[in-house]
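What follows is one structure encoded as C-alpha cells, with my remarks underneath.
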Amino acid sequence: MNRRSSALVLTLMPILVLVRAPATLAASPDPWSWPLDDHALGERFDPPQSDYGAGHRGVDISARAGDVVRAVAAGIVTFAGQVGGVPVVTIDHGRERSTYQPVRSHMHVGDAVQSGQAVGTLLGSPSHCAGACLHLGRLAGDDYLDPLALLGGGAVRLIDPHGKPPAPPAGVGEARLQRPVGGPVTSSFGMRVHPVTGVRKLHDGTDFGVPCGTPVHSAGAGTVVGRSFSAAYGKRVTIRHRPGLETSYNHLSDQSVSVGERVGARDVVGRSGTTGLSTGCHLHFMVLKAGRAVNPQDLL
Ligand SMILES: [Zn+2]
Ligand SMILES: [Zn+2]
C-alpha cells in the first residue's frame, strides 16, 4: 500500500465506523421468547474463527425428549427436514432466522407461525448434549449470532438506544426459593470470625443446624451444574435455577445427584454432613446471583 492509499484508508476508517455503528443498532431485532418452558442452558455460543472452523454456532437449552418446541418470534417456516441426518426447523423472521434441532416438526415450508406457537417436539437423538437438548441457532444472512442476546439471559444484549429500556432477564430479581432443610439458622450470611480458622471474613451463606444425614432438598427446580469436593466446602452440589441464579449445598455427607440432572423444587440432592472446613454437621446453603454470593435469607 503506498502512502497516499494508506492516508485514504486512515481518513475513511472513522467514517466507516461511524456509519456502521448506527446501522447495526437500527437492525437490532425484537427480543425472542424462549422456545422451551425450561431455561436451563447447556453449552453457550462460541462463534468459530473461520467459516468452517470449530465452534458452537448456537446455544443449547437442556430439555427432555418430547418437550414442545415453540417459535421464538413470528415468522415463516422456510425449512423443515433433515440436515446431515439431523431433523431441523428454520423460521424466517424477516431480518433474521432461527433454527431448531433436533426437532420433529409437523410444519410445512411456507407455514406462518406466531411467537410461542408450537413448531415441533424435541428428539432425544441425535443430540450433542449429555442428555437431550435443543440446539437453537440465530442467523442473519450467513452470519451466526448469539441467540442469548435476544433471549435476555446472555452477557451480551443488543440494545436500541432509541427504544425503551430492556426488561431485566426473566426471573432474576424476583425469585423465591424454598428452604432446603428444617432446623434453626445457626449462622447468617455476613462478616464473622470463622469458627475454624479464626479469621474475620464473609460468611457466604446461611447455616442451618440439622443432624448428620438429614435429607437436603433443592431450593427450586433446575439443573445440577456442580458436584464437587473442596477443602473448604467439602462435598458440594450446585444447582442452576435459571441463567444467573444458582444455589449450592455444602459440607454434605452424601451427594445424590449428578451433573446434568434436572431436579424439581424439594427434590433430595444429598444429605447433610460435616465434610470440608466445618465444626459439626450442618447445611451451609449458598445463593449465587450472576456468580456472586448473596444473602439466602432475602430469597427464602
Ligand atoms: Zn449446540
Ligand atoms: Zn456456613
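Note that ligands are numbered from 1 as they come in the structure, with each ligand's atoms numbered from 1 the same way.
With sequence neighbours excluded, the residues that form a ring-ring contact (aromatic ring centres under 6.0 Å, His included) with His203 are His284. Take His241 and apply the ring-ring contact (aromatic ring centres under 6.0 Å, His included) test, not counting sequence neighbours, and it matches no residue. In this structure, Tyr100 has no ring-ring contact (aromatic ring centres under 6.0 Å, His included) partners at least two apart in sequence or on a different chain.
A salt bridge is absent between Arg57 and Asp143; no separation between the charged side-chain nitrogens and carboxylate oxygens falls under 4.0 Å.
Among the heteroatoms counted here (N, O or S) of His284, ND1 is the one nearest to the Zn ion (ligand 2). The name of the N, O or S atom in Asp207 nearest to the Zn ion (ligand 2) is OD1.
Between Gln178 and Arg266, some side-chain heavy-atom pair lies under the 4.5 Å cut-off. Counting only heavy atoms from C-beta outward, the side chains of Arg138 and Leu150 approach each other to under 4.5 Å.
Residue side and main chain included, His203 places an N/O/S atom under 2.8 Å of the Zn ion (ligand 2).
Within the protein, the N, O or S atoms lying under 2.8 Å from the Zn ion (ligand 1) are His56 NE2, Asp60 OD1, His128 NE2, His135 ND1.
Using modelled atom types, one side-chain atom of Ser272 and one backbone atom of Pro211 make a donor-acceptor pair closer than 3.5 Å.
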